[in-house]
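Here the structure comes first, spelled out in structure tokens, and everything after it is commentary.
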Amino acid sequence: MFNKLSIVNDCLGLTGNALCNAEEDGSDEWRVASIAYEAAILDLLAAHDWKFATAIQHMTRLGFTHCFIVTFKDAKARDEYLPHPVHEEFKKLALPRVEKVLVVRRTGQDVDWKIVGNKVLVSAGDAPNGEVTAKIVLQPLPEQLHPLFVKALRSFVRAGIFGGLNEDHGEARREREEGEAYIQQAKTKSDQEQRARPVYRSTWLRTRSTRKAPMPW
């Protein structure tokens with residue numbers, strides 16, 4: 001069964017690094033691999049609509065009660081925030097007490113939503129009946145992980161390890177490209193599964209359209 005520690009150790013072993021006996025063991029191996037793992041999860045969820053990890057729901061039925069806004073100076077500051085000890089402690093305290101989480105990334109472009117008090121107000125525009133949907137990121141069980149998701153995740157984690165521990169940027173780039181290829185495979189497979197619905201053709205209408213009317217003489 002997959003879990004974070006097993007995937008991290010698998011990637012550490014394949015890149016020639018020492019394994020971790022437990023999570024958060026204070027080692028450089030865990031620190032670098034853990035950052036790569038968390039970043040890879042976010043990238044994978046953003047890159048494709050994995051059915052096991054996402055759900056589309058109407059905003060009016062979400063029932064969110066709290067909103068947190070975090071602003072970063074740049075991408076480097078954001079990357080330092082994710083594995084920060086204070087952030088990790090907050091996650092341990094908060095996550096067991098929440099039902100679901102909606103993460104919205106705002107990068108400076110104009111958007112059609114804003115936060116007023118503890119509510120998210122969205123401009124529905126021309127949406128039918130003013131309904132707005134949101135993509136919800138779920139917490140999947142290990143046995144629910146799609147094989148291509150796991151393969152891509154491992155490639156991205158190895159890329160982080162090659163770049164952060166081994167300082168082998170060529171291998172890091174190759175692993176990332178392999179991960180991107182797995183994502184593309186998942187997208188292609190998803191497109192193939194969503195085949196167009198066959199068009200119903202009425203036999204009666206076809207017969208009527210081809211029947212010759214009797215001549216008037």
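For Glu38, the salt bridge (charged side-chain N to carboxylate O under 4.0 Å, His left out) partners at least two apart in sequence or on another chain are Lys4. By the side-chain hydrogen bond (donor to acceptor under 3.5 Å, both in side chains) test, Arg174 is found to be paired with Glu171, residues two or more places apart in sequence or in another chain being considered. By the side-chain hydrogen bond (donor to acceptor under 3.5 Å, both in side chains) test, His87 is found to be paired with Tyr81, residues two or more places apart in sequence or in another chain being considered. Shown here are the side-chain contact (heavy atoms from CB on, under 4.5 Å) partners of Lys92, two or more places apart in sequence or in another chain: Glu89. For Glu180, the side-chain contact (heavy atoms from CB on, under 4.5 Å) partners are Phe156, Arg176, Ile183, not counting sequence neighbours.
The minimum heavy-atom distance linking Ala18 with Glu29 is given by the pair O-CG, 3.5 Å. In this structure, Ser155 and Glu178 approach most closely via the heavy-atom pair OG-OE2, 3.1 Å. Residue Ala152 comes nearest to Gly179 through the heavy atom pair CB-O, 3.8 Å, listed as atom of the first residue, atom of the second, then distance. The two atoms that bring Gly160 and Ala36 nearest to each other are CA-CB, 3.8 Å, heavy atoms only. The two residues Asn9 and Cys20 have their closest heavy-atom pair at OD1-N, 2.7 Å.
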side-chain contact (heavy atoms from CB on, under 4.5 Å) between Asn166 and Thr15, worked out: CA-CA 8 Å; Asn166 300 31; Thr15 53; 4.2 Å; yes
Criterion side-chain contact (heavy atoms from CB on, under 4.5 Å) on Lys151 and Gln185, from CA distance to verdict: CA-CA 11 Å; Lys151 288 181 179 180; Gln185 286 184 38; over 6 Å; no
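To the nearest 0.5 Å, atoms CD (Glu80) and CD1 (Ile35) are separated by 9.0 Å. Here Leu19 contributes atom CG and Ser6 contributes atom OG; the two are 11.5 Å apart, rounded to the nearest 0.5 Å. Residue Leu82 holds its CG atom at 8.5 Å from CD of Glu88, rounded to the nearest 0.5 Å. The distance from atom CG of Leu165 to atom SG of Cys11, rounded to the nearest 0.5 Å, is 11.5 Å. Ile41 CD1 to Ile7 CD1: the interatomic distance, rounded to the nearest 0.5 Å, is 7.0 Å. The CG atom of Leu5 sits 5.5 Å away from the CH2 atom of Trp30 when rounded to the nearest 0.5 Å.
Note on residues 5-21: pairs passing salt bridge (Lys or Arg N to Asp or Glu O under 4.0 Å), not counting sequence neighbours, are Asp10-Arg154.
Hydrophobic cluster membership is shared by Val32 and Val157, with clusters built from Ile, Leu, Val, Met, Phe, Trp and Tyr side chains linked at under 4.5 angstrom.
When side chains are defined from C-beta on, Ser34 does not count as touching Pro83, because their heavy atoms never get closer than 4.5 Å. The closest side-chain heavy-atom distance from Lys189 to His146 is below 4.5 Å.
Checked against Ile161 for a side-chain contact (heavy atoms from CB on, under 4.5 Å), the options Leu14, Asp168, Val8, Asn17 give a single hit: Asn17.
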